[in-house]
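Heavy-atom basis, side chains included; hydrogens, waters and symmetry copies ignored.
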Amino acid sequence: MTDDGVLTPGPPDLVSLLLDTDTLDDFLHALAENALLMSPTADGCGVTLERENRPLTVASAGISAPPLDEAQYGQDDGPCLEALRDGREVYVGDMRAEGRWNGYPAFAVASGTRSSLSLPIAAHSHTAGALNLYSPKEDGFADVDLGGLRALAAQATGAVALAQRLADTRTFTADLEAALQSRAVIDQAAGIVMNQRRCSSEEALETLRTASQHRNVKLRDLCAQLVSSVSGAPPTGGNSLRPRPT
């Protein structure tokens, strides 16, 4: 409860929040909206994630977060990026009295923002981020439920880690499938060379590698061309053209 008796919303049921959203994007947008509801004086909330040293606002609520986030990305400095990179909370009570981050505080004041709060998400991970709240009032977060906001940031940490693991799994699966398909095409081409030259599989593969190098064409592409020229159709995922043992 604030000093004027206004009852501020408490933290949401985080499990329900996860269950009620279908994607990570939906969850992060719900996260930003809930964080904004828990901060009565704030007029904007953004969720920043960084991948390969590139920060991006992946979700926002209210009106002020996107331009303030972008201003920090543009100069590669600011409370949002400090929270993200150092893994600690960064609170600015009055932008007019703030001397850090080059010209960013002056930009924030000119944009109508007087205070901000940034909480780290997935600190020191491959997809680190920050939950960023902005207020047009000085000391706009003095009376907020920091425990509830920290719980939201912690839940976001778990969701981002899970999403990253799933993404890495999908990437591995896709890479594995591509490798298997490539292997199948090479095996089919090797089978054709074995039939034509009456040679072993090792000799057939060496012939294909040599041709690939001389023509400056990837081995898989060369093999696909050979299979297509012989069969009259694009290569399949199987090894039907490879001779069967007798």
Side-chain angles (χ1 to χ4, degrees), residues 15 17-32 47-60 69-70 73 76 81 84-85 121-130 155-246:
V15 174
L17 185 60
L18 279 170
L19 294 176
D20 289 342
T21 52
D22 296 325
T23 67
L24 178 63
D25 286 345
D26 291 341
F27 171 77
L28 293 175
H29 277 95
L31 182 83
V47 179
T48 296
L49 293 182
E50 184 177 59
R51 193 75 192 273
E52 297 178 353
N53 297 318
R54 295 180 59 186
L56 177 69
T57 301
V58 295
S60 66
D69 289 347
E70 288 296 332
Y73 306 158
D76 195 33
L81 297 180
L84 183 156
R85 291 167 180 169
I121 294 174
H124 311 300
S125 72
H126 294 301
T127 313
Q155 185 60 52
T157 294
V160 169
L162 176 60
Q164 186 57 53
R165 180 174 296 181
L166 292 174
D168 290 344
T169 299
R170 286 194 296 270
T171 299
F172 173 78
T173 301
D175 289 346
L176 178 60
E177 179 63 25
L180 291 173
Q181 291 178 357
S182 179
R183 183 72 250 178
V185 172
I186 293 171
D187 283 349
Q188 292 173 40
I192 292 172
V193 174
M194 289 167 67
N195 277 332
Q196 291 176 342
R197 299 200 172 190
R198 302 298 178 185
C199 62
S200 68
S201 60
E202 290 77 12
E203 292 171 329
L205 286 172
E206 184 58 33
T207 298
L208 290 169
R209 292 192 188 98
T210 300
S212 170
Q213 293 170 359
H214 287 170
R215 298 183 189 182
N216 196 26
V217 177
K218 290 183 178 179
L219 178 60
R220 187 200 183 283
D221 294 339
L222 176 71
C223 291
Q225 294 170 10
L226 175 60
V227 172
S228 296
S229 67
V230 171
S231 67
T236 65
N239 296 322
S240 57
L241 293 178
R242 188 163 188 169
R244 297 177 181 176
T246 56

Short side-chain to backbone donor-acceptor contact, Thr57 and Thr48, under 3.5 Å: no
Ala190 to Leu205 - nearest heavy-atom pair and separation: CB-CD2, 4.1 Å
Side-chain (Ser229) to main-chain (Leu226) donor-acceptor, under 3.5 angstrom: yes
Taking every non-hydrogen atom, the tightest pair across Leu222 and Ala211: CD2-CB, 3.7 Å
Closest contact, heavy atoms only, Leu31 versus Ala156: CD2-CB, 3.5 Å
Gap between atom CZ of Arg209 and atom SG of Cys223 - 0.5 Å precision: 9.5 Å
Spatial distance of atom CG (Leu84) from atom CD1 (Ile121) [nearest 0.5 Å]: 8.5 Å
Gap between atom CG of Asp187 and atom CE of Met194 - 0.5 Å precision: 9.5 Å
Nearest heavy atoms of Ala32 and Val47, plus distance in Å: CB-CG2, 4.2 Å
Short side-chain to backbone donor-acceptor contact, Thr207 and Glu203, under 3.5 Å: yes
Smallest separation among heavy atoms of Val217 and Gln225, with atom names: CG1-NE2, 4.4 Å
Set of residues satisfying side chain to side chain contact (heavy atoms under 4.5 Å, CB included) with respect to Thr210, sequence neighbours excluded: Glu206, His214
Least distance between heavy atoms, Ala224 atom then Val185 atom: N-CG1, 3.6 Å
Verdict with supporting geometry, Arg215 and Asp221, salt bridge (Lys or Arg N to Asp or Glu O under 4.0 Å): CA-CA 11 Å; Arg215 298 183 189 182; Asp221 294 339; over 6 Å; no
